[in-house]
**Q** 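Got a structure for you, questions after.
A note on names: the letters A, B, ... follow the listed sequences, proteins ahead of strands, and every chain is numbered from 1.
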Number of protein chains: 2
Amino acid sequence: MRASRYLIATQKETPSDAEIISHQLMLRAGMIRKLAAGLYTWLPMGLRTLRKVERIVREEMDKSGAQEVLMPAIQPAELWQESGRWTQYGGELLRMNDRHGREFCFGPTHEEVITDLIRNELKSYKELPANFYQIQTKFRDERRPRFGVMRAREFIMKDAYSFHVNAESLDETYQVMHRTYCAIFDRLGLDYRPVQADSGAIGGSASHEFHVLASSGEDDIVFSTDSDYAANIEKAEAVAPSGERPAPAEELQEIATPEQRTIEAISEFLKVAPTRTVKTLLVKSEADENGESGLIALILRGDHTLNEIKAENLEGVAEPLTMATDEEIEAAIGCKAGSIGPVNLPVPLIVDRSAAHLADFVCGANKEGYHLTGVNWERDLPLGRVEDIRNVVEGDPSPDGKGTLEIRRGIEVGHIFKLGNKYSTAMNATVLDENGKTVIMDMGCYGIGVSRIVAASIEQNHDDKGIIWPDAIAPFQVAIVTLNAHKTPTVAEAGEKLYEQLKQAGYDVLLDDRKERPGVKFADMELIGIPHRFVISDRGLKSGTLEYKGRRDADKQDVAIEDALPLLVKASPRKGL
Amino acid sequence: MRASRYLIATQKETPSDAEIISHQLMLRAGMIRKLAAGLYTWLPMGLRTLRKVERIVREEMDKSGAQEVLMPAIQPAELWQESGRWTQYGGELLRMNDRHGREFCFGPTHEEVITDLIRNELKSYKELPANFYQIQTKFRDERRPRFGVMRAREFIMKDAYSFHVNAESLDETYQVMHRTYCAIFDRLGLDYRPVQADSGAIGGSASHEFHVLASSGEDDIVFSTDSDYAANIEKAEAVAPSGERPAPAEELQEIATPEQRTIEAISEFLKVAPTRTVKTLLVKSEADENGESGLIALILRGDHTLNEIKAENLEGVAEPLTMATDEEIEAAIGCKAGSIGPVNLPVPLIVDRSAAHLADFVCGANKEGYHLTGVNWERDLPLGRVEDIRNVVEGDPSPDGKGTLEIRRGIEVGHIFKLGNKYSTAMNATVLDENGKTVIMDMGCYGIGVSRIVAASIEQNHDDKGIIWPDAIAPFQVAIVTLNAHKTPTVAEAGEKLYEQLKQAGYDVLLDDRKERPGVKFADMELIGIPHRFVISDRGLKSGTLEYKGRRDADKQDVAIEDALPLLVKASPRKGL
């Protein structure tokens with residue numbers, strides 16, 4: 001491509017409304033433009049990278065045996081009513097009426113449509129397993145779209161859905177997809193981790209997320225220092241402290257703690273480490289058969305935080321997790337939230353494993369302005385139900401017994417789920433098994449955020465000059481910058497010659513033949529992040545050389561003209577798209 | 001691809017709700033499935049063809065110098081309000097509100113979005129001309145979606161928009177696009193015609209449609225027998241009859257014609273050919289400065305039909321064309337529509353060229369139940385304004401003076417427009433010209449119905465057994481059918497070997513290794529329309545031969561195994577996707 005005939009829409013200024021580096025650089029490098037909140041146009045430069053990501057995803061999905069289909073973006077409400085999600089799915093579902101008043105939505109995901117298709121098309125276990133995918137524009141009406149294409153409303157997703165006669169078959173395909181995802185993210189040149197995840201609202205029994213590691217990530221992911229254990233923080237198990245609980249050593253005392261309402265304040269006031277205190281959170285219990293729900297107390301060590309997903313998944317706890325209001329607490333306990341504690345509390349307790357291991361601890365006295373010290377389980381109050389309800393912290397032991405946990409930030413770019421029979425039961429998707437018996441199919445689903453990957457790659461690969469693309473998804477692999485070519489025909493000719501030579505060899509080449517100052521051209525090519533750059537100048541040609549610089553190289557080097565292609569082949573063996 | 005691991009979703013029965021052959025065959029061959037009215041899922045087999053069409057379109061657009069972008073499907077109402085189309089565009093525009101109540105639509109076309117982008121990005125004539133295209137899912141909420149993907153609501157379109165500093169530059173790019181479209185439709189293997197078209201509601205000064213010729217087409221297109229003149233019937237000029245108008249020979253007479261209300265009835269009753277009669281249509285005139293509109297009479301020869309587009313484009317005629325109601329006619333003329341005529345008619349006349357050439361003609365007497373005969377222009381009534389307002393008929397002289405006109409049916413698959421400055425003026429899209437002066441850009445727009453092409457190709461290429469794909473867009477170019485391979489290992493091996501050999505040579509191959517009867521396999525491959533077929537049988541292998549049959553061939557032929565690839569290369573030199 002000749003830059004003079006291409007939209008090089010670079011910008012010097014950092015756009016004020018772009019918070020994260022990938023959003024800033026995608027705007028500055030002329031990859032995307034905002035149309036409206038969460039809606040972006042992909043300019044030619046950005047689309048080239050997006051298409052390369054799509055292509056790698058498609059090739060690996062094909063290799064895995066999945067079959068590509070294309071379902072409509074617009075979906076009729078009836079199918080969502082059948083699965084129950086028409087009412088469950090909240091404001092993120094963009095709903096509309098057609099000219100005849102029928103209800104539709106812009107699909108954020110396609111479980112209903114594919115399940116409807118497959119229940120009509122497949123009749124026998126002989127046709128299973130089958131895995132269908134598409135690469136398609138989706139819409140989620142995010143309340144607060146931000147970070148550019150990282151959290152856009154309209155985005156491109158690869159979604160796949162597999163169908164099985166039994167759970168073993170689902171498990172096999174799930175493993176194939178796990179390996180396929182690793183192959184995809186390897187080829188994309190990303191530093192990523194597959195982590196165990198909670199399967200959440202989409203339902204099902206097992207799931208893994210694939211995270212690109214980046215400090216700007218919105219998710220906390222947890223690793224073991226000494227094993228390949230990795231999990232989303234929502235899922236990471238906090239194991240019980242080792243050893244026996246220490247024996248009581250102090251007497252139970254009630255102490256006035258006027259105006260001390262937080263763990264930090266109490267800790268400071270009583271000169272007790274937060275690790276020796278407990279906090280008590282009151283949440284709603286599941287409604288009973290009369291539809292009435294009471295309160296449950298969740299007891300955590302003072303320095304720990306509640307893992308809402310773990311709590312919500314517990315039997316007896318209302319879903320979604322609902323904290324008691326100040327009024328409800330005062331009505332039930334007779335004091336404010338800052339003074340409650342587990343001793344003589346008139347509601348059932350669920351005690352976190354770490355809190356359950358404490359002796360001689362501090363807690364609220366259920367009396368405004370008072371706390372108890374020297375509290376001991378079993379002696380001063382029954383221990384009750386012990387569960388894992390907290391978020392892990394760095395240094396916790398790894399649940400697999402090997403090493404301790406580290407926490408890093410990740411950007412979720414892929415997610416695989418065992419859906420089980422959630423949708424196939426709701427929509428009666430069956431086949432005949434080997435015995436001629438009708439069975440509900442098992443399902444898996446597998447998503448990749450194709451457009452998000454472009455941003456995630458930049459979060460991981462950039463410097464103060466701009467983007468640094470991995471070769472596999474660079475919009476162009478090589479830039480040829482000619483200096484003052486409009487005044488120096490030999491430079492223009494040498495540029496054209498190298499351009500043709502590298503194209504012939506299978507590279508995507510951008511010939512920067514614009515009438516711009518050298519500094520402008522260099523800055524643009526670095527901002528855009530093209531991995532390899534040749535500079536052709538009058539001075540160099542006189543000695544038969546070009547200048548080469550890899551985007552990550554500190555220094556440039558002179559190479560003989562005839563060595564340019566061999567050097568590139570060595571630096572970037574992977575040719576073309 | 002191995003058929004045993006692929007969704008071969010063929011059906012024997014012709015679906016009852018599919019009216020045209022392409023819709024029937026796409027369903028029967030397992031290419032598409034209906035999700036809801038006008039919404040179709042592309043199954044793997046159909047998607048392969050769709051992607052090949054996309055790829056050809058993309059390659060030729062790239063070759064033309066156009067740059068690919070991807071704009072959002074969802075567009076904010078504000079831009080459509082700026083162009084004026086938010087109110088003009090009717091029920092086909094799928095409108096919706098997001099969670100914050102803001103208005104959006106699912107883009108049926110992208111003039112507003114691209115004009116907004118370009119007015120922000122391009123500042124100087126030096127950056128022009130520029131042509132941007134995308135291949136994208138569009139939505140038009142057709143009142144009566146039908147014919148499968150031929151007239152679906154959700155469909156895939158290639159839309160391109162060019163920007164220019166002046167009309168000459170637009171003209172150049174328009175010619176480039178005309179040539180590019182011919183290259184695309186040539187490569188697609190379609191029998192098509194570019195025809196002059198009315199530029200219609202989208203505005204602008206010139207346009208051509210590209211039609212695939214097929215008897216099921218919804219459009220009439222007009223050709224000269226002796227030149228390359230071709231036009232949409234809406235646009236085709238009806239030239240004035242040659243020579244002088246004959247001199248009057250009959251006297252004007254008023255004749256009672258009780259109950260004779262149509263041209264056919266009058267013609268029969270008076271024993272006069274319809275070509276000697278005129279019919280008079282009353283339409284609304286353009287509103288005057290007070291907003292009041294009267295009536296205008298359109299006078300046509302009795303055997304001709306009104307061309308509504310031509311009439312609507314005339315000065316003085318209300319747009320859209322609005323016929324007077326029976327009440328309005330009776331109020332203005334004092335008789336019913338069947339009895340009106342131009343003599344002493346109290347409204348202005350617009351006379352078609354052919355009607356203006358008549359002498360001694362018959363027309364209504366503006367008196368219930370009476371007609372006039374022997375009517376002559378100038379003698380009995382002033383001729384008034386003469387215009388071309390009729391549809392051409394077969395046998396009319398070609399407007400270019402060469403030959404006569406033929407009319408055939410066409411399916412519109414492409415359309416190129418000179419938009420001029422309609423959108424750039426409304427949205428103030430300017431650049432600085434060579435003199436530093438701000439000028440409104442000229443624009444062109446260029447569409448191709450990508451998904452419609454798949455159906456149009458089938459309308460043109462099928463027989464009683466099914467689809468006959470051109471090699472370039474066949475889902476697979478070659479089928480290898482193995483007979484009883486599960487019982488005959490040598491057949492299975494020979495099949496695998498040929499499969500690998502043809503794949504290596506760059507062909508898209510479907511190995512039909514299913515455990516089905518030979519007849520079922522043959523019928524499926526013919527229904528799906530794969531252009532080349534090899535059959536491997538135990539009997540053949542014993543004599544070292546395979547059987548080959550081209551999809552259009554009457555007979556099969558035996559070929560030595562080693563001659564299979566050379567034969568295929570000869571039959572289908574174009575390899576791979």
Side-chain angles (χ1 to χ4, degrees), chain A residues 1 5-7 9 30 33 35-37 39-44 46-48 50-51 65 67-76 78-79 90-92 94-100 102 104 106 113-114 116-117 120-122 126-127 130 132 134 136-137 139 141-143 152-154 156 515, chain B residues 1 5-7 9 30 33 35-37 39-44 46-48 50-51 65 67-76 78-79 90-92 94-100 102 104 106 113-114 116-117 120-122 126-127 130 132 134 136-137 139 141-143 152-154 156 515:
Chain A
M1 189 61 64
R5 301 183 200 163
Y6 202 69
L7 185 63
R33 286 295 180 264
L35 173 63
L39 301 179
Y40 291 87
T41 292
W42 290 81
L43 300 185
L47 188 62
R48 288 185 71 93
L50 183 68
R51 292 275 186 248
Q67 302 180 51
E68 189 173 0
V69 296
L70 182 61
M71 294 179 263
I74 298 296
Q75 308 181 3
E78 287 78 6
L79 288 179
E92 283 187 17
L94 183 67
R95 296 155 207 256
M96 65 208 69
N97 294 296
D98 75 359
R99 65 190 301 161
H100 303 299
R102 284 186 62 192
F104 289 85
F106 194 129
V113 176
I114 192 78
D116 177 59
L117 178 76
N120 293 326
E121 295 301 321
L122 302 188
K126 291 182 198 162
E127 299 168 280
F132 298 94
Q134 58 179 354
Q136 193 196 35
T137 299
F139 200 97
D141 201 359
E142 300 271 355
R143 184 183 298 277
R153 295 200 286 178
E154 189 174 320
I156 296 180
K515 280 193 209 172
Chain B
M1 189 62 65
R5 300 182 201 163
Y6 201 71
L7 185 63
R33 286 295 181 263
L35 172 62
L39 301 178
Y40 290 87
T41 292
W42 290 82
L43 300 184
L47 189 61
R48 288 185 70 94
L50 183 67
R51 292 276 187 246
Q67 301 181 51
E68 189 173 0
V69 297
L70 182 60
M71 295 178 262
I74 298 296
Q75 309 181 2
E78 288 77 4
L79 288 179
E92 283 188 16
L94 183 67
R95 297 155 207 257
M96 64 207 71
N97 293 295
D98 75 0
R99 65 191 299 160
H100 303 299
R102 282 187 63 193
F104 289 84
F106 195 128
V113 176
I114 192 80
D116 178 57
L117 178 77
N120 292 327
E121 294 301 321
L122 302 189
K126 291 181 200 163
E127 299 169 280
F132 299 94
Q134 57 178 356
Q136 193 198 35
T137 299
F139 200 96
D141 199 359
E142 300 269 355
R143 184 184 299 275
R153 295 199 288 178
E154 190 175 321
I156 296 179
K515 280 193 206 170

**Q** Against chain B, label A:A73 side chain, backbone, both or neither, depending on which of its atoms sit under 4.5 Å from a heavy atom there.
**A** both
**Q** Quick one: what part of B:N120 sits under 4.5 Å from any heavy atom of chain A, side chain, backbone, both or neither?
**A** neither
**Q** Among the options A:Q136, A:R143, A:H100, A:R5, pick out the one with the most heavy-atom pairs lying under 4.5 Å from chain B.
**A** A:R143
**Q** Could you work out, with side chain to side chain donor-acceptor pair (under 3.5 Å) as the rule, every residue matching A:Q75, not counting sequence neighbours?
**A** A:W80, A:H110
**Q** Check each atom of B:R33 against the heavy atoms of chain A and say whether the ones under 4.5 Å are side chain, backbone, both or neither.
**A** side chain
**Q** Taking side chain as everything from C-beta outward and backbone as N, CA, C, O, which of these in A:E68 sits under 4.5 Å from a heavy atom of chain B? Side chain, backbone, both or neither.
**A** both
**Q** Under the ring-ring contact (aromatic ring centres under 6.0 Å, His included) test, which residues partner A:F139, sequence neighbours left out?
**A** A:F106
**Q** Does any backbone or side-chain atom of A:F132 lie under 4.5 Å from a heavy atom of chain B? Answer side chain, backbone, both or neither.
**A** side chain
**Q** Could you check which of A:M96, A:K126, A:M71, A:Q67 has the highest count of heavy-atom pairs closer than 4.5 Å to chain B?
**A** A:Q67
**Q** Report the option among A:I156, A:D141, A:V69 that has the most heavy-atom pairs separated by less than 4.5 Å from atoms of chain B.
**A** A:D141
**Q** Please identify, among A:L122, A:I74, A:L50, A:D98, the residue contributing the most non-hydrogen atom pairs under 4.5 Å to chain B.
**A** A:I74
**Q** Side chain, backbone, both or neither: which part of B:E142 has a non-hydrogen atom closer than 4.5 Å to chain A?
**A** backbone
**Q** Where on B:L70 is there a heavy atom nearer than 4.5 Å to chain A: the side chain, the backbone, both, or neither?
**A** both
**Q** At a 4.5 Å cut-off on heavy atoms, which part of B:F104 comes close to chain A: side chain, backbone, both, or neither?
**A** side chain
**Q** Contact part of B:R153 toward chain A, heavy-atom cut-off under 4.5 Å: side chain, backbone, both or neither?
**A** side chain
**Q** Flag the one option from A:A37, A:A36, A:P76 with the top tally of heavy-atom pairs under 4.5 Å to chain B.
**A** A:P76
**Q** Chain A heavy atoms under 4.5 Å from B:I114: which part of the residue, side chain, backbone, both or neither?
**A** neither
**Q** Heavy-atom distance under 4.5 Å to chain A: side chain of B:L43, backbone, both or neither?
**A** both
**Q** Name the region of A:D116, side chain, backbone, both or neither, that has any atom closer than 4.5 Å to a heavy atom of chain B.
**A** side chain
**Q** Any side-chain heavy atom of B:T137 sitting closer than 4.5 Å to one from A:T137?
**A** no
**Q** Which pair of heavy atoms, one from B:E121 and one from A:A9, lies closest together, and at what distance?
**A** OE1-CB, 3.5 Å
**Q** Measuring heavy-atom distances to chain A, does B:L94 have an atom under 4.5 Å in its side chain, in its backbone, in both, or in neither?
**A** side chain
**Q** Need one label for A:L117: side chain, backbone, both or neither, based on atoms under 4.5 Å from any heavy atom in chain B.
**A** side chain
